Chemist: 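Below: one structure in structure tokens.
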Amino acid sequence: MKHHFAGMEPRNSNLQYCKDMVRNDDYDRYILSLYAPSSSQRHIWAILAFNQEVAKIRETVSEPMLGEIRLQWWHDILDEIEANTVRDHPVVQELAVAIKIKPVMNLLRQTWQARRQDILGEGTVTQRAVLAY
């Protein structure tokens with residue numbers, strides 16, 4: 001189930017897309033990522049771009065149900081990547097490379113769950129919940 005993401009060239013453009021997204025939307029983390037080993041930067045930018053994708057959902061929807069639908073799309077994307085189906089979307093393409101590092105998928109799923117709490121307004125009410133978030 002591949003889809004074409006208009007105007008994007010494979011690999012290097014996908015990497016550049018994620019890198020630019022992180023630099024433009026999360027500059028502090030972008031600067032920190034530059035201190036990581038160059039062999040890890042690609043994976044870091046993919047993970048941070050995923051975080052940006054799911055974080056911006058809350059601010060861009062008018063109703064929580066619409067946010068849940070968009071968030072579910074990203075949940076389905078994670079399932080598809082695990083099943084070796086990779087959509088033609090720059091962040092998805094880069095995530096497919098990053099998840100080859102074992103703990104990354106768990107981190108992505110935890111990030112997804114935290115953003116779901118944001119959209120549903122479940123919030124974090126205990127110190128333990130805040131630390132887990």
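This structure is a prediction, so every number in the text was calculated from the model and none was measured.
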Chemist: Mind listing the closest non-hydrogen atom pair of His43 and Ala98 along with its distance?
Modeler: ND1-CA, 3.4 Å
Chemist: Taking all non-hydrogen atoms of both residues into account, name the closest pair between Ala55 and Arg115 and its distance.
Modeler: CB-CZ, 3.5 Å
Chemist: Over all heavy atoms of both residues, which pair between Pro90 and Cys18 is shortest? Give the atoms and the distance, please.
Modeler: O-SG, 4.0 Å
Chemist: Just to verify, what does Asp79 make a salt bridge (Lys or Arg N to Asp or Glu O under 4.0 Å) with, not counting sequence neighbours?
Modeler: Arg109
Chemist: Rounded to the nearest 0.5 Å, how far does CZ of Arg70 lie from CD1 of Ile57?
Modeler: 7.0 Å
Chemist: In Å, rounded to the nearest 0.5 Å, how long is the span from CG of Leu15 to CD of Gln41?
Modeler: 9.5 Å
Chemist: Kindly give the heavy-atom pair with the smallest separation between Met105 and Leu78, and that separation in Å.
Modeler: CE-O, 3.5 Å
Chemist: Starting at CG of Leu95, measure out to NZ of Lys100 and round the result to the nearest 0.5 Å.
Modeler: 12.0 Å
Chemist: How about Val91 and Trp74: do any of their side-chain heavy atoms sit closer than 4.5 Å?
Modeler: yes
Chemist: Could you work out, with ring-ring contact (aromatic ring centres under 6.0 Å, His included) as the rule, every residue matching Trp112, not counting sequence neighbours?
Modeler: His75
Chemist: In terms of side-chain heavy atoms, does Asp76 have a donor or acceptor partner in Gln72 at a distance below 3.5 Å?
Modeler: yes
Chemist: For the atom pair CD1 (Ile47) and CD1 (Ile101), what is the distance rounded to the nearest 0.5 Å?
Modeler: 7.0 Å
Chemist: Short question: side chain of Thr111, backbone of Leu107 - any donor-acceptor pair under 3.5 Å?
Modeler: yes
Chemist: Supply the atom-to-atom distance Glu94 CD to Ile44 CD1, rounded to the nearest 0.5 angstrom.
Modeler: 13.0 Å
Chemist: If you round to the nearest 0.5 Å, how far is CE of Met21 from CD of Glu53?
Modeler: 3.5 Å
Chemist: Taking the side chain from Gln93 and the backbone from Arg87, do they hold a donor-acceptor pair closer than 3.5 Å?
Modeler: yes
Chemist: Identify every side-chain donor-acceptor pair in residues 27-35 under 3.5 Å, counting partners at least two apart or on other chains, and give the distances.
Modeler:
from: Arg29; atom 1: NH1; to: Asp26; atom 2: OD2; distance (Å): 3.2
from: Ser33; atom 1: OG; to: Tyr30; atom 2: O; distance (Å): 2.5
from: Ser33; atom 1: OG; to: Trp45; atom 2: NE1; distance (Å): 2.7

Chemist: Where do Ala96 and Val86 come nearest, in terms of heavy atoms and distance?
Modeler: CB-CG2, 3.7 Å
Chemist: Looking only at atom types and distance, does a side-chain atom of Thr85 sit under 3.5 Å from a main-chain N or O of Ile81, one as donor and one as acceptor?
Modeler: no
Chemist: So which heavy atom on Gly67 is nearest to which on Ile119, and how close?
Modeler: O-CD1, 3.7 Å
